[in-house]
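See structure below.
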Amino acid sequence: MSLSELPKLELHLHLEGAAPPAFIRGLAKEKSVDLSGIFREDGSYAYRDFVHFLSVYEAATSVLKSPEDYARLVTAVLEESAAHGVVYCETFVSPDFCGGSDVGAWREYLHAMQDAADRAEAQHGIILRGIVTCIRHFGPEKAKASARCAAETAGDWITGFGIAGDEGQGKPRDFAYSFDMAREAGLRLTAHAGEWGGPQSVKDALDDLKVERIGHGVRAIEDLALVDRLAEDGITLEVCPGSNVTLGVYPKWDQHPIQKLRERGVKVTVSTDDPPFFHTTMTREYEELERAFGWGAADFHEISQTALAAAFCDEDTKAKIAKRLEDHPHE
Ligand code: HPA
Ligand code: ZN
């Protein structure tokens, strides 16, 4: 079995965080911006820890200045994802970075991204959908402007609303107004929690934001009553094991709780988060899961079915993806 060829779904991918470093260096050169401080000698992104990662991420993002730049980014990212067997991907996009959360500007960025996604689908068969994401350390007021952009453009392509950024700042309830606005616009909801925050941060996201998926959520394992609640309520976790190991949430793959969560009945899926930052790809995630937990074709097929059920896209799109999964042997 070739792990790179297995059809995969990815529910948790930050668009700018998926930018290949060479792509960002190329844009910086075109725009005469000096970004040398954010790269190591070997060309990879340089950061010390999670909070520093967020500032390097924002520096890299600063060279993406127009709808055309975002279209090029979507093209580069989907080409890479398709090469790793990804057939369906949901990506986080932030109006804060795309026109400063002005609805008119946001629409232009969105159209450019959608056009690029349509071209990639025609060329590589990969399907992309967007989740508008507010940024926790930018505060609740900026989040409201992002939620307004999300509500105004909710539909076939923008399928969800979420929150990323520094989990150490503010509380989920500070963002409840924005999540209510997104929910009323028909958007599906997810929130980063339980990566840097403990089990209480997962409970807060569920209780205060009423999300149906949690980004990461892995530290729920520290409270088995919460694990059972996740299982009973059918909450899906967007687990990014390689990200967690690289950032030191867990010291080694073998110690990652994904397998324990799954065994206790929690719906788990697998994603890369910010692949070049964390030196990973979907293929690498699968290779490490095979090595650490003995996962094989049947396990990966189950993970894909879980992701398909939890995907925010419409039923026609799900049927197309289901066909791609069935076309591949998994016994
Ligand atoms: N986690 C939280 N916020 C982020 C990330 C991430 O991996 N990438 C970009 N914003
Ligand atoms: Zn993330």
- Task: Could you list all the side-chain hydrogen bond (donor to acceptor under 3.5 Å, both in side chains) pairs where at least one residue sits in residues 178-189, not counting sequence neighbours?
- Result: Asp180-Arg183, Arg188-Glu212

- Query: Do the side chains of Val218 and Tyr250 get nearer than 4.5 Å, heavy atoms only?
  - Reply: yes

- So with a 6.0 Å cut-off around NZ of Lys267, is the heavy-atom count from everything else above 12? no

- Item | NZ/Lys318: more than 12 non-hydrogen atoms of other groups inside 6.0 Å | yes

- Message: Is there a path of hydrophobic side-chain contacts, each under 4.5 Å between heavy atoms, that joins Val245 and Leu289?
- Response: yes

- Task: Kindly determine whether Arg284 and Glu287 satisfy salt bridge (charged side-chain N to carboxylate O under 4.0 Å, His left out), including the steps that lead there.
- Result: CA-CA 5 Å; Arg284 168 141 198 271; Glu287 285 167 355; 5.8 Å; no

Do we see a donor-acceptor contact under 3.5 Å between the side chains of [X] and [Y]?
X	Y	value
Ser94	Asp96	no
Thr153	Trp106	yes
Gln259	Trp295	yes
His84	Thr283	yes
Asp204	Ser201	no
Thr272	Glu10	yes

Compile the donor-acceptor pairs under 3.5 Å between side chains in residues 56-69 and protein atoms, sequence neighbours left out, one pair per line.
from  : atom 1 : to     : atom 2 : distance (Å)
Tyr57 : OH     : Glu16  : OE1    : 2.9
Tyr57 : OH     : Gly17  : N      : 3.3
Glu58 : OE2    : His137 : NE2    : 2.8
Thr61 : OG1    : Tyr57  : O      : 2.8
Ser62 : OG     : Ala59  : O      : 2.5
Lys65 : NZ     : Ser62  : O      : 3.4
Ser66 : OG     : Glu68  : N      : 3.4
Ser66 : OG     : Asp69  : N      : 3.1
Ser66 : OG     : Asp69  : OD2    : 3.4
Asp69 : OD1    : Lys31  : NZ     : 3.4
Asp69 : OD2    : Lys31  : NZ     : 2.7
Asp69 : OD2    : Lys65  : N      : 2.8
Asp69 : OD2    : Ser66  : N      : 3.3

- Note on the structure: So ring-ring contact (aromatic ring centres under 6.0 Å, His included) across residues 211-239, not counting sequence neighbours, yields His12-His216, His192-His216

- Task: Run the numbers on Asp254 and Arg291 for side chain to side chain contact (heavy atoms under 4.5 Å, CB included), then give the verdict.
- Result: CA-CA 9 Å; Asp254 317 58; Arg291 190 194 56 74; 3.8 Å; yes

- Message: For Tyr177, does the six-membered ring have the charged nitrogen or CZ of Lys144 within the cation-pi criterion, i.e. under 6.0 angstrom from the centroid and within 45° of the normal?
- Response: yes

- Do we get Lys8 above Tyr286's six-membered ring, with its NZ or CZ under 6.0 Å from the centre and within 45° of the axis? yes

- Ring centre gap for His14 and Phe92 strictly below 6.0 Å: yes

- Measure from the side-chain N and O atoms of His124 to the backbone N and O of Ala120, and report whether any donor-acceptor pair falls under 3.5 Å. no

- Query: Under 30°, 30 to 60°, or over 60°: which ring-plane class applies to Phe278 and Phe53, parallel, tilted or perpendicular?
  - Reply: tilted

